[in-house]
Amino acid sequence: MTTVTSGTDTLTRDALTVLQPGFPGTTAPDWLLRRLGEGLASVGLFGRNIASAEQLAALTAQLRAERDDVLVAIDEEGGDVTRLEVRTGSSFPGNHALGAVDDVDLTRRVAHELGRRLAECGVNLNWAPSADVNSNPANPVIGVRSFGSDTDLVARHTAAYVTGLQSAGVAACTKHFPGHGDTAVDSHHALPRIDVPADVLSGRELVPFRAAIAAGSRAVMSAHILVPALDPVHPATLSRRILTGLLREELGYDGLIVTDGMEMQAIAGTYGIERGSVLAIAAGADAICVGGGLADDETVRRLRDALTAAVRAGDLPEERLADAARRVRELAGWAASAPTAADGASPEVGLTAARRALRVTGAVGFTPLTEAPYVAALAPVANIAVGDETPWGVAAELARLLPGTATGSFTGEDAGSAALAAAGQRRLVVVVRDEHRHPWMAAALDAVLTARPDTVVVEMGVPQAPPRGALHVATHGAAQVCGRAAAEVLIGG
């Protein structure tokens, strides 16, 4: 039963309602339950909160015992970015693999099955899909999280994903508006800038968001990026021109606008989370996402007090805060009453998609692996959205198929020689991730292929570099299921 503490005034309740905080642990702490009673309407889940599907269901039930219409949000893109399967790797390929297949019905079925599993665990808002057009090959944070670099392809798969996810009773949150694809900076670390004319943005970045809006996306997430053609001063999350003028008025979007994580350095490092949150709500955002790095009651209190103080000081119109809180409650009401899917697509739909996404070069004359190989992962530093706790690669799947498979991870200028030394006389499989973005990785692969031309290469990032090796397998993502599909090919399956 939803209960709100009678002593909580309307302004304070609205300030709590617009927050989407995180918390530590696999059970809800007392402070979080107390805040739900005071008006908090949303929580965000991260990998640290999830040990199993059963535990997650118990956690969300605990939250709903305090507030039955609570929005439980998660960053579950499938593919490289997974929270449900953070310690094993995802059973679903990510967007880039789905875009490589280019079957919108398959994308819809994958999103529906993912949504069904989320709903089964009590999660009803997913910060997905990424609708970014990956137009910059050097992009360090989007990459395989994008359906691709073709605008129309990204648009049709974004719409299919939204439709599939929401047909399972889980609200989609299409991101990162107005488009994070043409950036060479990770907004977790600094403020990216997109310097293209407004007509380019309209014909490229905005097209998938128009498709998502037409498909009925219940939420849209803003990007912490500076787009001078739209607003030369404020990043999108803090820009009234972008959130209200463009998204609301020009594109006609009437759903919930959620910020990207406010503790990301693009905002926190320049404005601070308190001022940033006030500016975001004033600009037109309705919900403040915070909790990936800051996950405590003190953060909730600081943001609540910053919002109420801004209203009292005249820096934030009270009606704007009230409107934002209303939109949060409306989405919570939709999610609480949305019918969930009784069943889904085949549980194997993720593996089906991963197999179809493979691009194999050099298969003619290739001798499949029959004995345990050595798998050398040329491993770049993981971006924060992906995290470094989720396993990736093909070694685990090859070890299952060929017991005795050995593996090692290599980086830097000596990676090639180190991998060769570690492999010894075994057949060598080299796994790369975005070879085109890492000169040291390309040099290491040069060294390995010069010494061992029979080396198999598996590219698990965006396959921009020319395929090479005795066999080259592009998986279009590093999810566990992509590794399984690649391993099958390597043994001749």
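Computation of the quantities below employed the complete heavy-atom set of this structure, encompassing side-chain atoms and omitting hydrogens, waters and symmetry-equivalent molecules. Residues take their numbers from the sequence shown, with the count starting at 1.
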Item to check | Pair D305 + R301, salt bridge at N-O below 4.0 Å | outcome: yes
Next on the checklist: Quick check: closest heavy atoms across M262 and A280, and the distance to 0.1 Å?
Outcome noted: CE-CB, 4.5 Å
Checklist entry - What pair of heavy atoms forms the shortest contact from T17 to A325, and how long is it? => result CG2-O, 3.7 Å
Next on the checklist: The test is side-chain hydrogen bond (donor to acceptor under 3.5 Å, both in side chains); show your working for T27 and Q62 and say whether it passes.
Outcome noted: CA-CA 8 Å; T27 59; Q62 183 188 14; 5.0 Å; no
Checklist entry - Is E330 salt-bridged to R327, cutoff N-O under 4.0 Å? => result no
Next on the checklist: For V462, is there any backbone N or O sitting under 3.5 Å from a side-chain donor or acceptor partner on D434?
Outcome noted: yes
Item to check | Basic-acidic side-chain contact under 4.0 Å: R117, E120 | outcome: no
Checklist entry - Does the pair L63 and L32 meet the rule for a side-chain contact (heavy atoms from CB on, under 4.5 Å), with working shown? => result CA-CA 9 Å; L63 297 171; L32 183 67; 3.8 Å; yes
Checklist entry - Hey, mind stepping through D80 and T390 against side-chain contact (heavy atoms from CB on, under 4.5 Å) and telling me if it holds? => result CA-CA 8 Å; D80 288 31; T390 303; over 6 Å; no
Checklist entry - Which atom pair, heavy atoms only, marks the closest approach of Y161 to E76? => result OH-O, 4.0 Å
Next on the checklist: Using a strict threshold of under 4.0 Å (side-chain N to carboxylate O), is an ion pair present between D231 and R240?
Outcome noted: no
Checklist entry - For residues E459 and Q464, is any side-chain donor paired with an opposing acceptor at under 3.5 Å? => result no
Checklist entry - Within the side chain of H157, is there an N or O that forms a donor-acceptor pair under 3.5 Å with the backbone of H96? => result no
Next on the checklist: I need the minimum non-hydrogen distance between L398 and V375, along with the two atoms involved.
Outcome noted: CD1-CG2, 3.8 Å
Item to check | Heavy-atom neighbours of D105 CG exceed 12 at 6.0 Å | outcome: yes
Next on the checklist: Can you see whether E85 engages S91 through a side-chain donor-acceptor pair at a distance of less than 3.5 angstrom?
Outcome noted: yes
Checklist entry - Is it true that R329 and D14 make a salt bridge, defined as a side-chain N closer than 4.0 Å to a carboxylate O? => result yes
Next on the checklist: Could you check whether S202 and R210, counting side-chain N and O atoms only, form a donor-acceptor pair closer than 3.5 Å?
Outcome noted: yes
Checklist entry - Any ion pair linking R145 and D132 (charged N to carboxylate O, less than 4.0 Å)? => result no
Item to check | side-chain contact (heavy atoms from CB on, under 4.5 Å) assessment of L191 paired with T270 | outcome: CA-CA 9 Å; L191 179 63; T270 304; 5.6 Å; no
Next on the checklist: Is it the case that the side chain of E263 and the backbone of G291 share a donor-acceptor pair, with hydrogens and angles ignored and the cut-off at 3.5 Å?
Outcome noted: yes
Next on the checklist: So that I can tick it off, tell me whether R109 and E113 are bridged by a salt bridge, with the cut-off set at under 4.0 angstrom between side-chain N and carboxylate O.
Outcome noted: no
Next on the checklist: Tell me the closest heavy-atom pair linking L256 and A287, and the distance in Å.
Outcome noted: CD2-CB, 4.3 Å
Item to check | Salt bridge present between D286 and R320 (N-O < 4.0 angstrom) | outcome: yes
Checklist entry - Thinking salt bridges, do E348 and R355 make one under a 4.0 Å N-O criterion? => result no
Checklist entry - Minimum heavy-atom separation for A236 to F177, with atom names? => result CB-O, 3.9 Å
